Amino acid sequence: MYTARTAPDGSRPVAVVTGASAGIGAATARALAAAGFEVVVGARRFDRIEALAKEIGGRAIALDVTQRESVEAFARAVPRINVLVNNAGGAHGLDTIAESDDDRWRTMWEANVFGLMLVTRAFVPGLEASGDGHIVNVGSIAAQEVYPGGAGYTSAKHGVTAITETLRLELLGKPIRVTQVDPGMVETEFSVVRFDGDVERAKKVYAGVAPLVGDDIADIIAFVVTRPPHVNIDHIRVTPLAQATAMAVHREG
Ligand code: 8X3
């Protein structure tokens with residue numbers, strides 16, 4: 001259990017979580033609320049985030065990270081911010097480069113890379129003004145490694161790594177920490193989305209493995225953002241015990 005720093009005037013710090021309608025995003029919103037943050041959740045599926053906001057005493061605002069107007073309206077509705085968790089993103093398909101689908105590639109690049117830029121750009125002024133800002137980018141082991149069929153996703157997530165590292169350089173000297181958390185196998189809707197709703201195929205990804213769950217990553221993000229302001233954790237890579245690399249997985253049975 002971690003505790004958010006309150007401002008000198010006693011106000012609670014504000015945390016924004018994108019892609020908060022499920023999985024790591026929803027778990028992170030819960031963990032940050034439990035740590036004492038005032039949490040603002042954004043996602044396209046408004047009914048889901050509305051219920052989540054009610055549960056955690058936060059605010060829900062519809063957000064499509066790929067649309068500049070949506071991002072700017074979202075940012076205008078959040079005038080005070082301390083922590084930005086860029087979680088929105090995801091994978092679509094497992095096609096080889098030779099058989100790539102244009103729309104899937106565009107969707108992945110727009111959500112994971114372009115969307116992350118739009119949201120970050122919109123909030124940098126607010127994060128700086130807070131005097132104690134923090135950007136947490138949810139990457140993936142796909143941000144460090146490649147695997148066959150994964151190029152649309154791994155290239156986008158490698159892009160996230162490039163953005164994280166560039167932000168660290170560009171924001172040096174400003175009161176904004178930058179962290180990337182790179183999870184391996186986490187059982188969420190991730191694989192169901194990747195395989196267009198094919199639940200059976202998604203289940204096979206985690207067969208014989210005790211995967212991570214959203215709460216495991218949320219716990220790490222809550223840890224990272226509650227360290228003292230002078231402590232910047234650059235990167236955390238986390239996998240289940242049974243996963244050494246994207247492709248090296250030990251399965252029981
Ligand atoms: C999810 C991990 O290995 O499916 O970000 O790319 S992997």
Side-chain angles (χ1 to χ4, degrees), residues 17-28 31 43 65-66 85-97 99-101 104-116 119 135-165 179-221 224 234-252:
V17 182
T18 70
S21 54
I24 292 172
T28 299
V65 300
T66 68
V85 181
N86 281 314
N87 168 72
H92 297 278
L94 206 50
D95 310 320
T96 62
I97 292 170
E99 294 184 344
S100 289
D101 178 274
R104 288 179 190 277
W105 270 69
R106 270 202 197 94
T107 303
M108 286 189 275
W109 272 78
E110 283 184 0
N112 292 288
V113 182
F114 187 68
L116 188 144
V119 176
I135 298 167
V136 179
N137 291 336
V138 178
S140 167
I141 58 170
Q144 306 172 1
E145 297 180 34
V146 297
Y147 50 87
Y153 182 62
T154 59
S155 62
K157 285 298 194 185
H158 276 66
V160 172
T161 301
I163 294 170
T164 300
E165 293 178 0
T179 300
Q180 183 164 319
V181 178
D182 286 335
M185 295 165 81
V186 186
E187 190 162 14
T188 61
E189 290 180 359
F190 175 85
S191 292
V192 179
V193 172
R194 169 172 250 177
F195 300 131
D196 300 321
D198 185 339
V199 175
E200 287 312 307
R201 190 171 175 202
K203 265 194 198 146
K204 284 194 189 124
V205 173
Y206 311 104
V209 177
L212 298 172
V213 294
D215 287 340
D216 295 320
I217 308 305
D219 178 61
I220 288 165
I221 293 172
V224 161
D234 281 285
H235 266 91
I236 292 185
R237 171 187 165 107
V238 54
T239 60
L241 176 60
Q243 181 181 32
T245 70
M247 295 182 70
V249 177
H250 172 77
R251 295 184 195 273
E252 297 287 347

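Values in this document were obtained by computation on a predicted structure and should not be read as measured data. Read the numbers this way: they start at 1 and go in the same order the structure lists the ligands and their atoms.
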Going by salt bridge (charged side-chain N to carboxylate O under 4.0 Å, His left out), name the residues that satisfy it together with E252, two or more places apart in sequence or in a different chain. none
Kindly indicate whether the side chain of N112, heavy atoms from C-beta on, has any atom under 4.5 Å from the side chain of K157. yes
Return the residue, atom name and 0.1 Å-rounded distance of the protein heavy atom closest to atom 2 (C) of ligand 1. S140 OG, 3.4 Å
Provide, to 0.1 Å, the distance between atom 6 (O) of ligand 1 and the closest protein heavy atom, together with that atom's residue and name. Y147 OH, 2.6 Å
Going by the order shown, which atoms of ligand 1 are within less than 4.0 Å of some heavy atom of A142? 6 (O)
Show me which atoms of ligand 1 lie under 4.0 Å from any heavy atom of R194. 4 (O)
Side chains of T161 and Q144: is there a donor and an acceptor less than 3.5 Å apart? no
The ring pair (Phe, Tyr, Trp, His ring centres under 6.0 Å) partners of F190 (sequence neighbours excluded) come to Y153
